[in-house]
Amino acid sequence: MPTATWRIAGANEDSAIVAMSLALYAHDPPPRGVSAAQVRSTLDAFRAEPVRGRAVVLDENGTIAGYAFLVSFWSNELGGEVCTIDELYVKPGSRRRGHSTALVRSLRHDRSLWPSRPVALELEVSPANQRARALYDRLGFRPRHNTTLRLLLQD
Ligand SMILES: CC(C)(COP(=O)(O)OP(=O)(O)OC[C@H]1O[C@@H](n2cnc3c(N)ncnc32)[C@H](O)[C@@H]1OP(=O)(O)O)[C@@H](O)C(=O)NCCC(=O)NCCS
């Protein structure tokens, strides 16, 4: 079994993250699609304003086997910072080894990936993604009582 760790992504890992993000969206396509340029712009935004969030990668013996985008949201209601796992992807050959479980455990219990202790972790999952839902349920994630509404301001 290879040793694996989640760590903060380096700037030289943008291309690997772009490829994995496109693979994630190919698996679960959003209505408007996601381009490589869009993923790069997310990585640029994190670097320009680190308070927004960060990319982390799953390093399996020097090979990048997954990534997640961690994004900050300050909740007045909860009285602190919510860390949103905005995207989470583990390459098919590395799944079911507990890597996503380890990521959530790390965000809960140590500060190696996220600088301060968040008051909550959040993520979105599509209703069709039953297996991911089962994993999140096992990890303790529950539906919020409010429904999220969105007004798109893009053309
Ligand atoms: C969902 C995902 C991130 C889980 O990562 P992981 O490191 O394999 O997760 P863990 O090993 O900690 O937990 C395994 C559990 O993940 C869930 N799972 C979800 N999709 C899965 C898949 N395609 N293959 C294997 N397990 C999957 C299952 O509940 C599995 O439990 P099981 O082994 O009892 O069936 C990973 O399967 C993945 O990247 N899937 C494609 C992208 C995706 O759906 N991302 C989540 C968007 S919200």
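Remember, it's 1-based here, ligands and their atoms both numbered in the order they're listed. Hydrogens, waters and symmetry mates are skipped; everything else that's a heavy atom, side chains included, is used.
- By the 6.0 Å contact criterion, CZ on F73 is open, its count of non-hydrogen atoms from other residues, nucleotides or ligands being 12 or less.
- Short contacts between ligand 1 and R97, defined as distances under 4.0 Å to a heavy atom of the residue, involve ligand atoms 11 (O).
- You'll find the side chain of L107 reaches within 4.5 Å of the side chain of I85, heavy atoms only.
- Taking any N or O of V90, backbone or side chain, at least one lies under 3.5 Å from an N or O belonging to ligand 1.
- Inclusion of E124 in the set of residues having an N or O under 3.5 Å from an N or O of ligand 1 is not warranted.
- Under a cutoff of 6.0 Å and an axis angle of 45°, R95 and Y89 form a cation-pi pair.
- Short contacts between ligand 1 and Y89, defined as distances under 4.0 Å to a heavy atom of the residue, involve ligand atoms 39 (O), 42 (C).
- Among R131, H27, R138, the residue whose heavy atom sits closest to atom 34 (O) of ligand 1 is R138.
- Each of the atoms 10 (P), 11 (O), 12 (O) of ligand 1 lies under 4.0 Å from some heavy atom of G98.
- The single protein non-hydrogen atom nearest to atom 37 (O) of ligand 1 is R95 CD, 3.2 Å, given as residue, atom name and distance.
- No more than 12 heavy-atom neighbours from other residues, nucleotides or ligands sit within 6.0 angstrom of CD on E124.
- Side-chain atoms of E13 and D59, non-hydrogen and from C-beta on, never get closer than 4.5 Å to each other.
- Residues F69 and V39 form a side-chain contact, since some pair of their non-hydrogen atoms from C-beta on lies under 4.5 Å apart.
- Judged by distance alone, the side chain of K91 and the main-chain N or O of I64 form a donor-acceptor pair under 3.5 Å.
- Contact annotation: for Y136 versus ligand 1, heavy atoms closer than 4.0 Å belong to the side chain alone.
- Looking only at heavy atoms of the protein, atom 16 (O) of ligand 1 is closest to L135 CD2, 3.6 Å.
- Neither the backbone nor the side chain of L123 comes within 4.0 Å of ligand 1, counting heavy atoms alone.
- By the 6.0 Å contact criterion, CZ on R7 is enclosed, its count of non-hydrogen atoms from other residues, nucleotides or ligands being greater than 12.
- Distances from atom 1 (C) of ligand 1 to the heavy atoms of A134, A4, A132 put A132 nearest.
- At under 3.5 Å, a nitrogen or oxygen of N129, whether backbone or side chain, sits near a nitrogen or oxygen of ligand 1.
- At least one heavy atom of L88 sits under 4.0 Å from some atom of ligand 1.
- Considering only non-hydrogen protein atoms, atom 14 (C) of ligand 1 sits nearest to R96 CA, 4.1 Å.
- The nearest protein atom to atom 12 (O) of ligand 1, hydrogens excluded, is given as T101 OG1, 2.6 Å; this is a heavy-atom distance.
- Counting atoms of ligand 1 from 1 in the listed order, those under 4.0 Å from a heavy atom of H99 are 7 (O), 11 (O), 12 (O).
- R142 is listed as a side-chain neighbour of D137, based on a closest heavy-atom distance under 4.5 Å.
- Every atom of ligand 1 is numbered from 1 in the order shown, and the set under 4.0 Å from a heavy atom of L24 is 42 (C), 43 (C), 45 (N).
- When the shell of 6.0 Å around CZ of R117 is examined, it contains 12 or fewer heavy atoms from other residues, nucleotides or ligands.
- Of the protein's non-hydrogen atoms, the one nearest atom 6 (P) of ligand 1 is S100 OG, 3.4 Å.
- No side-chain heavy atom of V34 sits less than 4.5 Å from a side-chain heavy atom of L24.
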